Amino acid sequence: MSMKQAETIDEVILLLDQIIEKSKIDQSNLGLFAILYREVTVRVKEGILAGSFQNGERMEKLDVIFANRYLKAYYQYQAKEKPSECWAFAFEQAEKFWPIVLQHLLLGINAHINLDLGIASAEVSTVEDIEDLKHDFDQINFILSDLVGGVEKCLIKIWPTLTWILKFTGKVDNFFIDFSMETARNGAWKFANEFVAVPENEREACTHLRDKRITEIARLVSNPGYFVSAIFKFIRLFERGTVAQKIIDMQIMEEKIWNVLWRDELGIKNNQQHYKTS
């Protein structure tokens with residue numbers, strides 16, 4: 001399998017579409033993170049066109065470099081080559097029966113935010129100007145966080161009685177808290193600021209060390225302790241539909257969630273404009 005890389009955001013979306021369709025055919029859980037990531041990429045593209053980022057040209061460059069790290073890992077794994085350790089772990093879990101949809105998503109988010117985003121951010125910056133990226137860096141994470149916020153609703157569609165389980169025990173809530181998007185974002189930004197100052201000849205070793213640390217987080221996501229793991233296994237036994245159907249359900253749910261978020265944001269902007277003119 002050729003190592004496909006994108007040069008534009010549109011090419012990123014096209015390659016993600018190919019991964020999603022292949023995952024449906026193969027009944028592969030690899031498509032679960034791909035559909036979430038596709039939605040993030042589409043929203044970033046829309047944000048660039050709408051002027052939501054401080055530097056649209058830099059944001060597209062960042063988005064493509066960021067996406068290409070995921071695409072490279074995916075195609076390496078498909079070719080039975082060795083991607084970064086945290087991605088290899090996430091992909092290996094996709095072949096196992098027991099991880100639930102949420103775990104597949106968090107394993108992908110863990111590798112992509114905690115490793116890839118910091119590296120990509122450093123590649124479009126210098127030590128002197130990386131602080132200028134902070135606003136747009138946070139915007140990407142806010143988009144991802146909003147979409148992840150709808151994951152529970154999507155899971156309830158896949159397994160309706162999940163609502164009862166989530167209300168029954170606070171232990172599962174702690175699992176979500178432990179893997180905090182805010183913590184991941186802050187850690188990625190700290191790493192970006194450290195990585196941008198690393199000399200070129202030392203970056204491979206620095207990346208390898210970071211990869212090891214992020215893989216340890218992945219192991220915790222995969223095995224969050226006896227009690228939560230037992231609940232997740234119970235959930236997994238009653239997840240509804242094929243893998244392909246789960247991907248389709250996620251596509252439908254994420255689109256609905258974003259439409260609601262978009263209407264809410266538009267309403268806020270309209271209200272703000274109303275107050276300015278009144």
Side-chain angles (χ1 to χ4, degrees), residues 1 16 18-38 69-116 144 147-148 151-152 154-162 165-166 169 171-172 174-176 178-179 181 184 211-251 253-254:
M1 180 176 291
L16 289 171
Q18 292 175 4
I19 291 172
I20 291 164
E21 291 309 309
K22 184 178 187 303
S23 297
K24 289 178 185 176
I25 294 169
D26 296 345
Q27 294 290 328
S28 170
N29 288 309
L30 293 176
L32 295 170
F33 174 74
I35 184 60
L36 176 68
Y37 189 39
R38 182 193 185 281
R69 289 194 59 84
Y70 161 72
L71 293 169
K72 180 181 178 181
Y74 172 83
Y75 288 114
Q76 282 177 323
Y77 187 75
Q78 291 292 299
K80 301 191 183 306
E81 297 175 5
K82 188 177 181 181
S84 55
E85 188 176 347
C86 59
W87 271 121
F89 185 86
F91 295 149
E92 287 163 4
Q93 295 303 303
E95 297 181 4
K96 297 182 178 180
F97 174 81
W98 286 111
I100 64 173
V101 172
L102 176 64
Q103 286 173 295
H104 290 302
L105 296 178
L106 292 185
L107 286 167
I109 291 168
N110 174 59
H112 208 34
I113 298 297
N114 284 328
L115 179 66
D116 294 341
L144 179 59
L147 289 169
V148 171
V151 167
E152 184 178 317
C154 185
L155 292 178
I156 289 169
K157 180 176 177 61
I158 293 168
W159 192 60
T161 49
L162 178 61
I165 290 290
L166 292 177
T169 173
K171 293 276 189 177
V172 177
N174 290 338
F175 175 78
F176 292 94
D178 289 342
F179 193 92
M181 285 301 300
D211 188 17
K212 290 282 186 186
R213 292 173 179 169
I214 302 312
T215 303
E216 290 306 309
I217 297 175
R219 296 186 193 283
L220 292 174
V221 171
S222 177
N223 185 15
Y226 178 79
F227 188 78
V228 176
S229 293
I231 292 174
F232 283 176
K233 285 182 178 180
F234 184 63
I235 291 172
R236 177 65 187 90
L237 287 173
F238 292 93
E239 278 185 350
R240 187 167 59 190
T242 64
V243 173
Q245 187 59 52
K246 291 173 187 176
I247 293 172
I248 293 168
D249 286 344
M250 276 197 62
Q251 286 177 305
M253 189 59 63
E254 293 291 6

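Every value quoted in this text rests on a predicted model; they were computed, and no experiment measured them.
The OH atom of Tyr77 sits 5.0 Å away from atom CD of Glu92, with the distance rounded to the nearest 0.5 Å. If you take NZ on Lys246 and CG on Asp249, they are separated by 10.0 Å, rounding to the nearest 0.5 Å. To the nearest 0.5 angstrom, Leu106 atom CG is 8.5 Å from Ile100 atom CD1. Interatomic distance, CG of Leu105 versus CG of Asn110, reported as 12.5 Å (0.5 Å rounding). Atom OG in Ser84 sits 9.0 Å away from atom NZ in Lys72 (nearest 0.5 Å).
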For residues 24-37, which side-chain N or O atoms pair as donor and acceptor with protein atoms under 3.5 Å away, sequence neighbours left out?
from  : atom 1 : to     : atom 2 : distance (Å)
Lys24 : NZ     : Glu21  : OE2    : 3.2
Lys24 : NZ     : Gln251 : OE1    : 3.2
Asp26 : OD2    : Lys22  : NZ     : 2.5
Gln27 : OE1    : Val243 : N      : 3.1
Gln27 : OE1    : Ala244 : N      : 3.2
Ser28 : OG     : Leu30  : N      : 3.1
Asn29 : ND2    : Ala94  : O      : 3.1
Tyr37 : OH     : Ala67  : N      : 3.3
Tyr37 : OH     : His112 : NE2    : 2.9

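No donor-acceptor distance shorter than 3.5 angstrom exists from the side chain of Asp211 to the backbone of Leu115, with no hydrogens or angles considered.
Phe89 is linked by a ring-ring contact (aromatic ring centres under 6.0 Å, His included) to nothing, counting only residues two or more places apart in sequence or in another chain. Looking at residues two or more places apart in sequence or on another chain, you find a side-chain contact (heavy atoms from CB on, under 4.5 Å) between Lys212 and Glu85, His208. With sequence neighbours excluded, the residues forming a side-chain hydrogen bond (donor to acceptor under 3.5 Å, both in side chains) with Ser229 are Asn223, listed by chain and number. Applying the side-chain contact (heavy atoms from CB on, under 4.5 Å) rule to Phe97 yields the partners Arg236, Leu237; only residues at least two apart in sequence or on another chain are considered. Applying the side-chain hydrogen bond (donor to acceptor under 3.5 Å, both in side chains) criterion to Gln18, with sequence neighbours excluded, gives Lys4. In this view, Glu216 and Arg219 satisfy the salt bridge (charged side-chain N to carboxylate O under 4.0 Å, His left out) rule, not counting sequence neighbours. Residues passing the side-chain contact (heavy atoms from CB on, under 4.5 Å) test with Lys96, sequence neighbours excluded: Gln93, Pro99.
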- Task: Starting from the C-alpha separation in whole Å, work towards a yes-or-no answer on side chain to side chain contact (heavy atoms under 4.5 Å, CB included) for Arg213 and Ile217.
- Result: CA-CA 7 Å; Arg213 292 173 179 169; Ile217 297 175; over 6 Å; no

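Residue pairs meeting the salt bridge (charged side-chain N to carboxylate O under 4.0 Å, His left out) criterion with at least one partner in residues 221-231, sequence neighbours excluded, are absent. Among residues at least two apart or in separate chains, there is no salt bridge (charged side-chain N to carboxylate O under 4.0 Å, His left out) pair with a member in residues 220-231.
Between Arg69 and Asp116, the shortest heavy-atom distance links the atoms NE-OD1, 2.9 Å. Nearest heavy atom pair, residue Ile113 against residue Ala184, reads CG2-O, 3.9 Å.
Relative ring orientation between Trp87 and Phe91 is described as parallel, the plane-to-plane angle staying below 30° on a 0-90° scale split at 30° and 60°.
Looking only at side-chain heavy atoms (C-beta outward), Asn114 and Cys86 stay at 4.5 Å or farther from each other.
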